[in-house]
Amino acid sequence: MSHRPVVTRIAPSPTGYMHIGTARTALFNWLFARHHGGTFLLRIEDTDRERSTSQATAAILRGMTWLGLDWDGEAVSQFDQKDRHAAVAHEMLARGAAYKCFASQDEIEVFREAATAEKRSTLYRSPWRDAAPATHPDARYVIRMKAPQTGDTVIDDAVQGRVTFRNDLLDDMIVLRSDGTPTYMLAVVVDDHDMGVTHVIRGDDHLQNAARQTMVYDAMGWDIPVWAHIPLIFGPDGKKLSKRHGATGVEEYQAMGYPAAGMRNYLTRLGWSHGDDEFFTTDQAKEWFNLEGIGRAPARLDFKKLENLCGQHIAASDDAALLHELEAYLAVTDAPPLNDVQRDTLSRALYCLKDRAKTFPDLIEKAEFSLNARPVIPDDAAAKTLDPVSRSILKTLTPQLQTGTWTKETLEPFLTDAAAAHGIGFGKLAGPLRAALAGRTATPSVYDMMLVLGKDETIARLNDAAT
RNA sequence: GGUCCGUUCGUCUAUCGGUUAGGACAUCAGGUUUUCAACCUGAGAAGAGGGGUUCGACUCCCCUACGGACUGCCA
């Protein structure tokens, strides 16, 4: 119960891509730290040398960066601290809080199989717990925690409440492997302590670990951090999120073209609430975020809602930032970059595009009229509107358009009158105009397209279609 | 099997013993419109089941059911 400045961390293991659940946990930790003006650290849990890869570490860094979750200081490698971990393990040995166990993996394996077969508890009780040092063989050993076997270990969790575990149901976990490397259970505690972590916000798959880790804190006489075990994220069907659901990796979401701000908003709201607030900025999230608002039940991913929120964020973005993020999106998907003309036209078109796009692919699709150079190739539906009559009307338009001023205020009455002059409503004229200008039947407003395209380009496209 | 956690509209959630159980997404029906999107209006839609405690339970307790996590010299 100290008043130390808040320090949180995200501690992903680099054994694959960055899971969306990890991203949300990172987000919560980041939000909490930023809310309190504290520190948010990134630690790569790479003590599993078999499975850790530098590519996975790079993917984590990319994912964090994309989501805008800036961490303080350098990302640290847990493995780099292995000597410190080993020292703590030996310190525990010296304090009588741990012991050397000479049981081989095979031995334990045999025990577990037998226990499982006989439906007995697989809890392993090492015969070396109380063995006199004189009886120790000259062989490889692991260091096991000498866990209390009676009483309870109580976790006061900021999300889950008070959770009690019976000590006689917990075994003496290994803290140092026979090759001298630390296990996760030891390394997290040592690192969190050394890094001054005050609040451990992580998936509730770690809830039981908190009990075991508490024992290490106690053995070393260290302060226990505030625990906050948050529920896991499920797929839309309520099942554990798997490849089958389409997207489990953060980078897949980026590649699908969701804006980072929308992603943050959605992920923050998933399992956390601030009254009825649904759409909010990252600044608001930082201002509002607290542990009390975190729910206790797992939440399902809802892509429709994600899209809706993303659409709102795109609409709320300022044009320059939106263009910048769009180009970044293009880059990660290996799409050809925008040329100068496209960038210029698009930046002028954004105002009439961003209200109607939910994702970047969506935006690009709707922006096509401004991205593609002549000639405009109409799709089938658009081609149908360009019948001889329509084409002849378009033809009469261009000379008159040539002389008018190019503003919405002049264009609007002009086109309305032109339609009327041919005995049709503007709605009838809009179809062929769309086809000529965009080659589509679904486009932004005709006026907006004309404004974005400019007089010369508009007339050229109209002439193309009329002939 | 054991331990632990969870369970409000289809989905995300509000409610912190007293509400016609609210909002959002989605859905459906209207409206507006220059197509699409958007927007506006409206509708349907929920406390897993059973016991308690209480004047009164979605809210507190117990049991059941269902879901999940953990049960590694993985993290």
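Every chain is numbered from 1, with letters handed out A, B, ... down the list of sequences. We use all heavy atoms of the structure for the numbers below, so side chains are in, but hydrogens, waters and symmetry mates are not.
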- Item | Distance-only donor-acceptor test (3.5 Å): side chain A:S178, base B:C73 | yes
- Task: Report which part of the nucleic acid A:T164 touches: base, sugar-phosphate, or nothing (heavy-atom distance under 4.0 Å, all strands).
- Result: sugar-phosphate
- Which residue lies more 5' along RNA chain B, comparing A:R166 with A:L232 via nearest heavy atoms: A:R166
- Counting any heavy atom closer than 4.0 Å, what does A:K428 reach on the DNA or RNA strands: base, sugar-phosphate only, or nothing? nothing
- Write down the distance separating the C1' atoms in B:A14 and B:U19, rounded off to the nearest Å. 12 Å
- Task: Indicate, with a heavy-atom threshold strictly under 4.0 Å, whether A:A103 touches base, sugar-phosphate, or nothing.
- Result: base
- Message: Nearest 0.5 Å, please: how far is CG in A:L363 from CG in A:L346?
- Response: 6.5 Å
- N/O donor-acceptor pair, side chain A:R296 with base B:C5, under 3.5 angstrom: no
- B:U7 and B:A48: how far apart are their P atoms, nearest whole angstrom? 9 Å
- Message: The side chain of A:F234 is closest to which nucleotide in this list: B:C12, B:U3, B:G67?
- Response: B:G67
- Message: Taking any heavy-atom pair under 4.0 Å as a contact, classify A:V446: base, sugar-phosphate, or nothing.
- Response: base
- Donor on one side chain, acceptor on other, A:Y17 and A:T248, under 3.5 Å: yes
- Donor-acceptor pair under 3.5 Å: do we get one between A:N209's side chain and the base of B:A75? yes
- Rounded distance in Å between the P positions of B:G10 and B:C62: 28 Å
- Message: Please classify the nucleic acid contact of A:Q105 as base, sugar-phosphate, or nothing, using heavy-atom distances under 4.0 Å.
- Response: base
- Query: With no hydrogens and no angle check, is any side-chain donor or acceptor of A:D172 less than 3.5 Å from a backbone partner on A:K146?
  - Reply: no
- Task: Respond yes when some side-chain nitrogen or oxygen of A:K239 is under 4.0 Å from OP1 or OP2 of B:G68, and no when none is.
- Result: no
- Task: Indicate, with a heavy-atom threshold strictly under 4.0 Å, whether A:L207 touches base, sugar-phosphate, or nothing.
- Result: sugar-phosphate
- Message: Students often get this wrong, so: under 4.0 angstrom with heavy atoms, is A:T122 touching a base, only sugar-phosphate, or nothing?
- Response: sugar-phosphate
- Query: Which value, in whole Å, describes the distance between the C1' atoms of nucleotides B:A75 and B:G67?
  - Reply: 24 Å
- Is a donor-acceptor pair below 3.5 Å formed from side chain A:K305 to base B:C12, judging by atom type as modelled? yes
- Message: Students often get this wrong, so: under 4.0 angstrom with heavy atoms, is A:T181 touching a base, only sugar-phosphate, or nothing?
- Response: nothing
- Task: Give me the ring orientation class for A:F28 and A:F289: parallel if the planes are under 30° apart, tilted from 30 to 60°, perpendicular past 60°.
- Result: tilted
- Could you check whether A:Q208 gets within reach of a base, just the sugar-phosphate, or nothing at all, counting any heavy atom under 4.0 Å? base
- Message: Side chains of A:Y266 and A:H313 only: does a donor on one sit below 3.5 Å from an acceptor on the other?
- Response: no
- Message: For a quick test of reading the model: is some side-chain N or O of A:R120 closer than 4.0 Å to OP1 or OP2 of B:G1?
- Response: no
- Side-chain N or O of A:S273 closer than 4.0 Å to phosphate OP1/OP2 of B:A14: yes
- Determine the contact category for A:M185: base if any of its heavy atoms lies under 4.0 Å from a base atom, sugar-phosphate if only primed atoms, P, OP1 or OP2 are that close, otherwise nothing. base
- Does A:T47 have a side-chain nitrogen or oxygen under 4.0 Å from the phosphate oxygens OP1 or OP2 of B:A75? yes
Donor-acceptor pairs under 3.5 Å, side chain of residues 412-425 of chain A to any protein atom, not counting sequence neighbours: which ones?
from: A:T416; atom 1: OG1; to: A:E412; atom 2: O; distance (Å): 2.7
from: A:H422; atom 1: ND1; to: A:A418; atom 2: O; distance (Å): 3.0

- Query: Using the P atom in both, what is the distance from B:G42 to B:G49, to the nearest Å?
  - Reply: 31 Å
- Message: Is the terminal nitrogen or CZ of A:R440 (NZ for Lys, CZ for Arg) located under 6.0 angstrom from the six-membered ring centre of A:F369 and within 45° of that ring's axis?
- Response: no
- Item | Upstream residue (5' side of RNA chain B) when A:D204 and A:E278 are each assigned their closest nucleotide | A:E278
- Message: I'd like the C1' distance from B:A45 over to B:U8, given in whole Å.
- Response: 12 Å
- For B:G67, the nucleotide meeting Watson-Crick or G-U wobble distances (both under 3.5 Å) is B:C5
